2 protein chains.
Amino acid sequence: MVVDPARTYRYRAEERLRRTGARVTRPRIEVLAMLLAAPRALTHHEIERQVNRALGIDRVTIYRVLEWLTAHGLAHRISGDDRVWRFNAAEDERTHEHAHFKCNDCGEVICLDKAIAARSVPLPTGYRTQEIELTVKGLCADCVPARADRHRRQGPAQHRQ
Amino acid sequence: MVVDPARTYRYRAEERLRRTGARVTRPRIEVLAMLLAAPRALTHHEIERQVNRALGIDRVTIYRVLEWLTAHGLAHRISGDDRVWRFNAAEDERTHEHAHFKCNDCGEVICLDKAIAARSVPLPTGYRTQEIELTVKGLCADCVPARADRHRRQGPAQHRQ
DNA sequence: GCTCTTATGCAACATGGTTGCATTTGACCC
DNA sequence: GGGTCAAATGCAACCATGTTGCATAAGAGC
Ligand SMILES: [Mn+2]
Ligand SMILES: [Mn+2]
Ligand SMILES: [Zn+2]
Ligand SMILES: [Zn+2]
């Protein structure tokens, strides 16, 4: 029996959406399914390319869906140094107490499984900690110098955004 | 003997600029002096308000000066979650191995003195660490709940950006 | 002062995201 | 199935933050 993986992710997306009690719409399903299928955080651009081209869903709608998913805990938003937000389906088990990795070459962002031991950073008196954000920057497996020659010929890997 | 503090910062700014061997210009002096005087990281906007209003220095020039100061190690740039860069004079002793604090209420950003013990976060195989960024988010001394009533009357502290 | 290089000012542009408002549609009820 | 209505979508215009191109101004060495 062969299953269509995209169909499977859509199904899981619908399920999660239904659990919120809010409307289950095509844009919400498609965007969330795409986030669920992705092994890394996606930009609005990447989502738009797939979901707008294939289904004509408007870019503003995609922005609104991403905002809504984030507000409802179905996704989370990662803000990088390139002024582009990236989104990831939120595995609700995994509380957002985890760190992120960002590739300095291709821009890829992934979530690192709970790795924050850096509790209790000392602050000036009167200041109060609420969250700690930790981002590791470096090279992803596709971009380590060992493969630098491929890059020189073809340019860096292109999930740049 | 009374000294004008702004004059002192300008003097220190000129000194640092001269040491780079590059041209010592009015915009560079003013922007760097302002960064030296500030107890926290400043946005382009904040700098523009002061330096453009008082001296008519163009906003593009301010952008270019900030970029130049950063490239020459006289300032460093902090990218937050609000797509606004903030700048700080670089105390050259303090290598950029320090963490940052950002107030969730008023947006204030400060540098925390070397506090990263979070070395060696485990990554997927093939990935390589280059830098680690740590940002503590919470409430600054002006914004802690103890003073929430003042905020309710007057709005949050206004160095929001 | 003169010259040469570099920095500045100004206008136009780019990017990523937001807002207002008319139209469509999902969910609930029958 | 069809009717109702709040909520979501599409579209156009907008905004904020930063960049680029190019003519002009001004540091610094002589
Ligand atoms: Mn994450
Ligand atoms: Mn800093
Ligand atoms: Zn990479
Ligand atoms: Zn504050």
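The figures that follow rest on heavy atoms only: side chains count, while hydrogens, waters and symmetry mates do not. So you know, we letter chains A, B, ... as the sequences are listed, proteins then strands, and number each from 1. Quick caveat: nothing in here was measured; it's all calculated off a predicted structure.
In this structure, A:Asp58 places its CG atom 14 Å from C1' of C:dC21, rounding to the nearest Å. Rounded to whole angstrom, the span from the CD atom of B:Glu30 across to the P atom of C:dG9 amounts to 12 Å. In this structure, the CD atom of A:Glu46 is 16 Å from the P atom of C:dT15, given to the nearest Å. In this structure, CZ of A:Arg64 is placed 19 Å from P of C:dG16, rounded to the nearest angstrom. The nearest whole Å value for the distance from the CD1 atom in A:Ile62 to the P atom in D:dG10 is 9 Å. In this structure, B:Glu48 places its CD atom 12 Å from P of C:dC10, rounding to the nearest Å. Rounded to an integer number of Å, the gap from A:Asp81 CG to C:dG16 P is 13 Å. D:dA16 atom P lies 13 Å from atom CZ of B:Arg49, rounded to whole Å.
Under the 30°/60° scheme for interplanar angles, the aromatic rings of A:His44 and A:Tyr63 are found to lie parallel. Ring-plane geometry between A:His98 and A:His76 is classed as perpendicular, the angle between the planes exceeding 60 degrees on a 0 to 90 degree scale with a lower cut at 30. Between A:Phe87 and A:Trp85, the ring planes are perpendicular. Angles over 60° get that label, and only those under 30° would be called parallel.
Here the side chain of B:Val60 is nearest to one of C:dC10, D:dG10, C:dT8, namely C:dC10. Candidate nucleotides D:dA8, D:dC11, C:dT8 were compared by shortest atom distance to the side chain of A:Thr25, and D:dA8 ranks first. Set against D:dT9, D:dG10, D:dT19, the side chain of A:Ile57 has D:dG10 as its closest nucleotide.
Under 3.5 Å, the side chain of A:Arg59 and the base of C:dG16 form no donor-acceptor pair of N or O atoms. Between the side chain of A:Arg23 and the base of D:dA6 there is at least one donor-acceptor pair of N/O atoms closer than 3.5 Å. Donor-acceptor pairing under 3.5 Å, judged by distance alone, is absent between the side chain of A:Arg83 and the base of D:dG18. Side-chain N/O atoms of B:Arg26 and base N/O atoms of D:dG27 include no donor-acceptor pair closer than 3.5 Å.
Looking at heavy-atom distances under 4.0 Å, B:Arg28 makes contact with sugar-phosphate atoms alone, never a base.
Listed pair A:Tyr63 / C:dT18 fails the phosphate criterion, with no side-chain N or O lying under 4.0 Å from OP1 or OP2.
With sequence neighbours excluded, no residue forms a salt bridge (Lys or Arg N to Asp or Glu O under 4.0 Å) with A:Arg64.
Nearest heavy atoms, B:Val144 versus A:Gly126: CG1-O, 3.1 Å.
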